Number of protein chains: 2
Amino acid sequence: MTTTGEGTDQRAAAPPAAAGDLPAAVVRRLPEYLRALGTLSESGVDTVSSETLAAATGVNSAMLRKDLSQLGASGMRGVGYNVAGLAAHIAAVLGLTKDSRVAIIGLGHLGQALARYPGFSERGFDIVGLFDADPGIIGRDLDGLRVRDVALLAAAVRDEGINIGVIATPGAAAQHVADLLVDAGVTSILNFAPCVLAVPPGVAVRKVDLAVELQILSFHEHHKSLGRSETQINKRRER
Amino acid sequence: MTTTGEGTDQRAAAPPAAAGDLPAAVVRRLPEYLRALGTLSESGVDTVSSETLAAATGVNSAMLRKDLSQLGASGMRGVGYNVAGLAAHIAAVLGLTKDSRVAIIGLGHLGQALARYPGFSERGFDIVGLFDADPGIIGRDLDGLRVRDVALLAAAVRDEGINIGVIATPGAAAQHVADLLVDAGVTSILNFAPCVLAVPPGVAVRKVDLAVELQILSFHEHHKSLGRSETQINKRRER
DNA sequence: GTTTGTGAAGTCATTCACAGCT
DNA sequence: AGCTGTGAATGACTTCACAAAC
């Protein structure tokens with residue numbers, strides 16, 4: 001599959017690669033590769049080996065090569081991968097060639113932080129709508145965007161081309177908001193509320209629960225201290 | 001090379017002792033079970049079948065039973081699981097019987113939101129220290145906690161029993177902060193900075209990168225639009 | 001020499017399906 | 001009847017190891 005460069009992307013009729021159904025595990029790693037490539041690029045590096053890039057992203061180099069090969073990206077044997085070309089290829093696969101339009105629903109502390117998080121716009125996610133149900137919050141101005149009544153959400157989704165919804169409401173409101181988003185045609189949802197959302201097939205939901213992450217750490221912490229008596233460290237090759 | 005950057009989501013780098021040797025995939029699901037059990041408990045339910053609990057957490061019921069069986073939790077055939085008992089069991093396995101003491105380093109917008117996020121203390125994670133390097137932020141009061149100079153971090157870890165560090169600094173500072181935490185004896189880190197941390201074996205790192213989540217959604221969005229019309233939506237996977 | 005690309009092997013995770021308990 | 005617990009089957013992911021390409 002040495003599809004050569006060519007590529008800048010977009011949706012050609014010809015399938016440049018199998019990109020259609022990439023294993024979820026691969027997709028999860030692509031943003032990480034992309035970030036590392038950006039860092040390399042800023043350092044003026046223009047070619048990178050799978051070994052080096054793998055180290056920068058914390059994965060095994062064989063896996064990295066296999067991932068890239070599945071994307072249809074290719075390197076040069078004996079040399080490595082072209083940093084800029086690879087970054088462009090990954091960005092294309094991720095659909096980052098056009099900016100996405102994001103609405104945040106729920107502007108409590110977390111929602112406000114998300115609204116102001118520079119990492120979103122830096123990576124091409126334009127926050128274009130803020131919505132809340134609390135009259136005490138509606139009307140507030142956050143870095144130039146005014147918080148609107150969630151009743152206006154559906155219309156805004158249609159009129160303003162919103163395609164990603166970020167739910168940062170309390171758990172009790174999350175399903176309702178998800179329904180609003182889905183009915184308005186949004187098919188990608190990032191859910192920060194601590195609950196499972198029911199959505200129709202075809203709608204992608206990703207969930208981030210900050211307390212869950214801490215609980216997982218708690219588990220490790222707990223079992224590290226339990227292990228003190230046994231001292232049996234299972235040696236497993238640590239990358 | 002001490003490169004241990006623990007992967008994004010799943011992967012246990014920690015060396016747990018024999019008794020607590022649960023697969024990482026199971027540990028990831030436990031907090032979700034616990035949350036669903038809490039909801040059931042509040043509704044006055046005191047017995048639940050694997051089928052029902054599985055539905056509430058979005059997993060397959062056989063997997064749920066297998067998970068619980070690995071914990072040593074058991075239900076009653078023909079009846080189901082005792083809600084309170086199961087919740088207590090899972091909490092014990094996760095080490096949630098004693099509260100954890102958390103420091104947040106980096107109090108930009110995200111760090112401030114985390115500091116005020118009620119979900120942490122609700123689930124037994126006490127935020128006891130806030131640290132930043134910016135003189136403009138040091139000294140600020142956030143809900144009764146004063147932001148201290150990061151130079152005081154190591155002493156605070158020791159004197160105040162901090163066992164979890166949350167890094168919410170810019171990427172460039174994150175490795176330095178991680179080193180400080182590790183040197184001070186912290187073995188659990190939650191990293192919000194967009195970079196891979198190198199830590200010695202025995203230190204557990206979990207990473208949450210908000211932009212990565214959006215990029216993954218972008219992928220799905222992108223491929224929905226150029227996929228065949230009879231799209232076969234594969235199951236989305238939650239970390 | 002270096003480094004990619006990939007079959008094959010290995011490891012881990014999930015689902016199935018049913019025996020066995022209540 | 002209903003439901004758990006678990007071996008077996010399936011599927012997914014990762015790593016190994018090496019031939020082919022530069």
Side-chain angles (χ1 to χ4, degrees), chain A residues 1-5 17-18 21-30 32-33 40 45-83 85-86 89 234-239, chain B residues 3 5-13 16 21-30 32-33 45-83 85-86 89 232 234-239:
Chain A
M1 318 308 186
T2 6
T3 344
T4 348
D21 46 339
L22 231 39
V26 176
V27 176
R28 274 202 313 261
R29 288 187 290 266
L30 296 184
E32 210 59 50
Y33 300 155
L40 287 168
V45 178
D46 52 54
T47 298
V48 66
S49 71
S50 64
E51 197 65 55
T52 303
L53 185 54
T57 53
V59 306
N60 176 296
S61 68
M63 190 166 72
L64 170 55
R65 290 196 297 277
K66 192 157 277 193
D67 285 354
L68 297 184
S69 144
Q70 284 191 75
L71 300 191
S74 58
M76 252 190 274
R77 296 177 192 225
V79 179
Y81 295 86
N82 176 274
V83 171
L86 184 52
H89 195 117
N234 79 9
K235 67 241 288 2
R236 167 178 282 176
R237 129 185 339 289
E238 198 81 31
R239 69 187 58 270
Chain B
T3 343
E6 184 159 328
T8 318
D9 277 339
Q10 68 204 100
R11 170 164 297 139
D21 207 359
L22 281 176
V26 175
V27 175
R28 276 199 319 260
R29 288 187 290 264
L30 296 184
E32 210 60 51
Y33 299 155
V45 178
D46 52 54
T47 298
V48 66
S49 71
S50 64
E51 198 65 55
T52 303
L53 186 53
T57 52
V59 306
N60 176 295
S61 68
M63 191 165 71
L64 170 54
R65 290 196 297 278
K66 191 157 278 194
D67 285 352
L68 297 184
S69 143
Q70 284 190 76
L71 299 192
S74 58
M76 252 189 275
R77 296 176 192 229
V79 179
Y81 296 85
N82 176 275
V83 171
L86 184 52
H89 195 115
Q232 164 103 341
N234 0 0
K235 53 173 318 154
R236 60 189 188 281
R237 153 153 301 176
E238 204 130 333
R239 26 250 281 47

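Just so you know, these numbers come straight off a predicted model, no measurement behind them. Chain naming here is simple, since letters A, B, ... match the order of the sequence lines and numbering starts at 1 in each.
Using a 4.0 Å heavy-atom distance criterion, A:Ser61 is classed as making no nucleic acid contact.
When each of D:dT4, D:dC22, D:dT15 is scored by its nearest atom to the side-chain atoms of A:Met76, the top-ranked nucleotide is D:dC22. When distances are taken from the side chain of B:Pro23 to each of C:dA13, C:dT14, D:dC22, the shortest belongs to C:dA13. Side-chain proximity of B:Lys66 to the nucleotides C:dC21, D:dG7, D:dT15 is greatest for D:dG7. Closest to the B:Ala62 side chain, of the nucleotides C:dA17, D:dC16, D:dC13, is C:dA17. Distance from the side chain of A:Arg65 is smallest for C:dT4 among the nucleotides D:dT14, C:dT4, C:dC18. Of the candidates C:dA17, D:dA20, C:dT6, D:dA20 carries the atom nearest the A:Arg77 side chain, counting heavy atoms from C-beta on.
Among residues two or more places apart in sequence or in another chain, the side chain to side chain contact (heavy atoms under 4.5 Å, CB included) test is passed with B:Asn60 by B:Ala62, B:Met63.
Taking atom CG of residue A:Asp67 and atom P of nucleotide D:dT14, one finds them 8 Å apart after rounding to whole Å. When rounded to the nearest whole Å, the span between OH of A:Tyr81 and P of D:dC22 equals 14 Å. A straight line from CG of A:Leu22 to C1' of D:dC13 spans 13 Å, rounded to a whole angstrom.
In this structure, the separation between CG on B:Asp67 and CG on B:Leu22 is 8.5 Å, given to the nearest 0.5 Å.
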